[in-house]
Undergrad: 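Here you go, one structure.
Atoms considered below: every heavy atom in the structure, side chains included; atoms not considered: hydrogens, waters and symmetry mates. Note on naming: letters A, B, ... go to the chains in the order of the sequence lines (proteins, then strands), and numbering restarts at 1 for each one.
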Amino acid sequence: MPGTLTPADRLVAWYDRHHRDLPWRVAPRDRRAGIMPDPYRVWLSEIMLQQTSVRAVKPYFAAFVQRWPRVGDLASADETEVLGAWAGLGYYSRARNLKRCAETIAVAHGGIFPDTAAGLRALPGIGAYTAAAIAAIAFDRPEPVVDGNVERVTTRLFAIETPLPRAKPEIGERVAELTPDARPGDFAQAMMDLGATICTPRRPACAICPLNADCAALATMDPETLPRKAPKKEKPARRGAAFVAIDGTGAVYLTRRPDKGLLAGMAQVPTTGWTSRLDGDTTVAAAPFEAAWHRSGTIEHVFTHFSLRLDIFGAELVRRPETAEGWWSPPERVGDEALPTVMKKAIAAAFPDTFRR
DNA sequence: AATCCGGGGGG
DNA sequence: CCCCCAGGATT
């Protein structure tokens with residue numbers, strides 16, 4: 001009955017023809033023949049794909065399954081080796097949780113992955129999204145799988161103009177309504193593939209979209225404007241001062257930031273705290289040592305949760321003063337220091353000829 | 001609810 | 001070059 005074709009039917013039909021061939025996937029025709037993917041590979045890929053592109057994941061996935069073909073192999077592996085194999089992928093707590101999760105499955109589950117979203121959700125490193133994705137893809141559970149791609153597709157499909165993250169509950173309901181009992185795993189993968197290849201953040205390819213006849217946004221507005229995002233709330237403004245000292249050789253005085261907190265362990269030029277309102281006297285008092293400090297401009301930098309305006313003070317010293325905590329970085333080495341962008345800006349503001357990168 | 005974690009890709 | 005992205009854990 002062609003008249004009863006649902007959006008999910010159209011989407012899965014598109015996926016049958018256009019799915020991406022990925023090493024952790026079982027192709028639709030094989031799935032329909034009863035072949036299911038290895039839950040270990042689905043899990044490993046989903047953890048790697050958190051905040052990480054398919055392109056970046058592929059070589060790491062190949063290396064992992066070559067070296068640790070089954071979850072038990074990973075469970076008994078050396079954690080340092082696992083972290084080493086993860087190096088370059090980022091978000092290293094994922095690798096530590098990966099190891100803990102493998103151990104839990106080996107020890108507490110007899111080496112068998114839980115086959116429900118609730119069971120998976122209880123494991124380290126598996127949140128709501130990943131639990132639903134593994135349950136759907138590896139076990140064909142009709143779980144609503146909502147990642148960033150699916151949020152974009154769904155807000156457009158239903159023209160949901162409520163901004164994120166407030167729209168999340170509604171998106172979840174819509175995806176749950178959309179998710180079919182037949183082939184929910186392929187449906188979930190199809191939604192994510194559609195978001196990655198057709199329903200893209202900018203310039204979506206609506207002309208070739210399998211859901212263009214169903215899309216409320218395409219009918220009534222510009223789909224590219226969805227999803228709406230909550231207006232970025234004003235970042236609190238902080239102020240401070242930074243002190244850039246160079247000696248006669250052009251070496252810059254640097255210190256190391258504390259091991260915890262913002263920019264932990266990175267190099268910096270000495271600065272005041274970044275909250276206080278400063279008058280001239282307190283600023284000079286905060287300098288790391290006595291010198292002929294002179295104002296050399298102001299820099300702006302925006303962090304995730306606040307914007308910072310730093311008054312820059314520079315000094316050229318004839319002799320290096322006695323200091324315990326910092327070090328003098330020669331001009332040809334400054335570029336190799338672990339200097340965050342804000343610190344590079346500060347140094348460049350004080351001595352534009354010394355610091356080039 | 002807010003913050004941190006890291007790399008890749010796009011404007 | 002800088003800005004943006006977004007799942008899980010922690011607090």
Undergrad: Expressed in whole Å, how much space separates the C1' atoms belonging to C/dA9 and B/dG8?
TA: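 It works out to 23 Å between them.
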Undergrad: Counting side-chain heavy atoms from CB outward, which of B/dG6, C/dA6, C/dG8 is closest to A/Lys229?
TA: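 Nearest to the side chain of A/Lys229 among the choices is C/dA6.
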Undergrad: A/Asn149 has an atom CG; how far is it from atom C1' of C/dG7, in whole Å?
TA: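 Going from A/Asn149 (CG) to C/dG7 (C1'), I get 13 Å.
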Undergrad: When all nucleic acid strands are considered with a 4.0 Å heavy-atom cut-off, which category describes A/Gln50: base, sugar-phosphate, or nothing?
TA: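 Here A/Gln50 touches the backbone only, sparing every base.
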Undergrad: Is any side-chain N or O of A/Lys58 closer than 4.0 Å to OP1 or OP2 of B/dG8?
TA: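 For B/dG8, neither OP1 nor OP2 has a side-chain N or O of A/Lys58 closer than 4.0 Å.
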Undergrad: Hey, is A/Arg67 close enough to A/Glu81 for a salt bridge, meaning N to O under 4.0 Å?
TA: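 The answer is yes: the pair qualifies as a salt bridge.
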Undergrad: Say whether A/Gln50 and A/Thr130, considering side chains only, have a donor N or O and an acceptor N or O under 3.5 Å apart.
TA: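 Their side chains do contain a donor-acceptor pair, which is all the 3.5 Å distance test asks for.
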Undergrad: Mind checking what makes side chain to side chain donor-acceptor pair (under 3.5 Å) contact with A/Glu161, not counting sequence neighbours?
TA: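 Scan of A/Glu161 (side chain to side chain donor-acceptor pair (under 3.5 Å), adjacent residues dropped) gives A/Arg228.
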Undergrad: Please give the stem ranges for DNA chain B, sorted by first residue number, where a stem is three or more consecutive Watson-Crick or G-U pairs and both donor-acceptor distances are under 3.5 Å.
TA: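 Stem segments, range with range: B:1-5 with C:7-11, B:7-11 with C:1-5.
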Undergrad: Salt-bridge test for A/Arg141 and A/Asp181: reply yes if a basic N is under 4.0 Å from a carboxylate O, no otherwise.
TA: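 No, no charged N to carboxylate O under 4.0 Å.
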Undergrad: Taking side chain to side chain contact (heavy atoms under 4.5 Å, CB included) as the definition, give me every residue that meets it alongside A/Ala138, ordered by chain and number, with sequence neighbours left out.
TA: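 Scan of A/Ala138 (side chain to side chain contact (heavy atoms under 4.5 Å, CB included), adjacent residues dropped) gives A/Pro39, A/Val42, A/Ile134.
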Undergrad: Mind calculating the distance between CG (A/Leu98) and C1' (C/dG7) to the nearest angstrom?
TA: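 Value for this atom pair: 15 Å.
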Undergrad: Atom CZ of A/Arg152 to atom C1' of C/dG7: distance rounded to whole Å?
TA: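 About 15 Å, once rounded to whole Å.
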Undergrad: If I take atom CG in residue A/Leu83 and atom C1' in nucleotide B/dG6, what distance separates them, rounded to the nearest angstrom?
TA: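 Distance, rounded to whole Å: 14 Å.
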Undergrad: Mind jotting down which residue pairs meet the ring pair (Phe, Tyr, Trp, His ring centres under 6.0 Å) criterion with at least one end in residues 45-79 of chain A? Sequence neighbours excluded, please.
TA: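 Counting only pairs at least two positions apart or across chains, the ring pair (Phe, Tyr, Trp, His ring centres under 6.0 Å) contacts touching residues 45-79 of chain A are A/Trp24-A/Phe61, A/Phe64-A/Trp68, A/Phe64-A/Trp86.
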Undergrad: Does either side chain, that of A/Thr52 or that of A/Arg94, offer a donor lying less than 3.5 Å from an acceptor on the other one?
TA: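 A pair is found: one side chain offers a donor N or O, the other an acceptor, under 3.5 Å apart.
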Undergrad: Looking only at side-chain N and O atoms, does A/Asp9 offer a donor or acceptor that is under 3.5 Å from a partner on A/Thr6?
TA: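 There is such a pair (donor and acceptor under 3.5 Å, judged by atom type) between the side chains of A/Thr6 and A/Asp9.
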Undergrad: Whether A/Glu151 and A/Lys168 form a salt bridge (side-chain N of Lys/Arg under 4.0 Å from carboxylate O of Asp/Glu) is what I want to check.
TA: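 Answer for the salt bridge query: yes.
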Undergrad: Detail all sub-3.5 Å separations between protein N/O atoms and N/O atoms belonging to nucleotides 9-11 of chain C.
TA:
| residue | atom | partner | partner atom | Å |
| --- | --- | --- | --- | --- |
| C/dA9 | OP1 | A/Gly125 | N | 2.5 |

Undergrad: Could you tell me the separation between the OH atom of A/Tyr91 and the C1' atom of B/dT3, rounded to a whole number of Å?
TA: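 One finds 11 Å between C1' of B/dT3 and OH of A/Tyr91, rounded.
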Undergrad: Report the nucleotide, chosen from B/dG7, C/dA6, C/dG8, that has the shortest atom-to-atom distance to any side-chain atom of A/Tyr92.
TA: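 For the A/Tyr92 side chain, the nearest candidate turns out to be B/dG7.
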Undergrad: Nearest 0.5 Å, please: how far is CD1 in A/Ile160 from CD in A/Glu170?
TA: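 The CD1 atom of A/Ile160 is 4.0 Å from CD of A/Glu170, to the nearest 0.5 Å.
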Undergrad: Output one line per pair: protein atom, nucleotide atom from nucleotides 9-11 of chain B, and distance, for all N/O pairs under 3.5 Å.
TA:
| residue | atom | partner | partner atom | Å |
| --- | --- | --- | --- | --- |
| B/dG9 | OP1 | A/Arg55 | NE | 3.4 |
| B/dG10 | O3' | A/Arg202 | NE | 3.4 |
| B/dG10 | O3' | A/Arg202 | NH2 | 3.2 |
| B/dG11 | OP1 | A/Arg202 | NE | 2.2 |

Undergrad: Taking the P atom of each, how far is C/dA6 from B/dG11, in whole Å?
TA: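 Pairwise P distance, C/dA6 against B/dG11, rounds to 14 Å.
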Undergrad: Between A/Tyr40 and A/Arg70, is there a cation-pi geometry (under 6.0 Å to ring centre, at most 45° from the normal)?
TA: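 Here A/Arg70 fails the 6.0 Å and 45° test against A/Tyr40.
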Undergrad: May I ask you to say what A/Tyr129 touches in the nucleic acid, namely base, sugar-phosphate or nothing, with a heavy-atom cut-off under 4.0 Å?
TA: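 If one applies the 4.0 Å heavy-atom cut-off, A/Tyr129 turns out to touch the sugar-phosphate alone, with no base involved.
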Undergrad: I need the CG-C1' distance between A/Leu89 and B/dG6, as an integer number of Å.
TA: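 Rounded to whole Å, this separation is 10 Å.
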Undergrad: Salt-bridge test for A/Arg295 and A/Asp311: reply yes if a basic N is under 4.0 Å from a carboxylate O, no otherwise.
TA: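 Yes, A/Arg295 and A/Asp311 are salt-bridged.
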Undergrad: Rounding to a whole Å, what distance do you find between A/Met48:CE and B/dC5:P?
TA: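 Answer to the nearest Å: 22 Å.
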Undergrad: What is the distance, to the nearest angstrom, from the CH2 atom on A/Trp86 to the P atom on B/dG7?
TA: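 Distance, rounded to whole Å: 12 Å.
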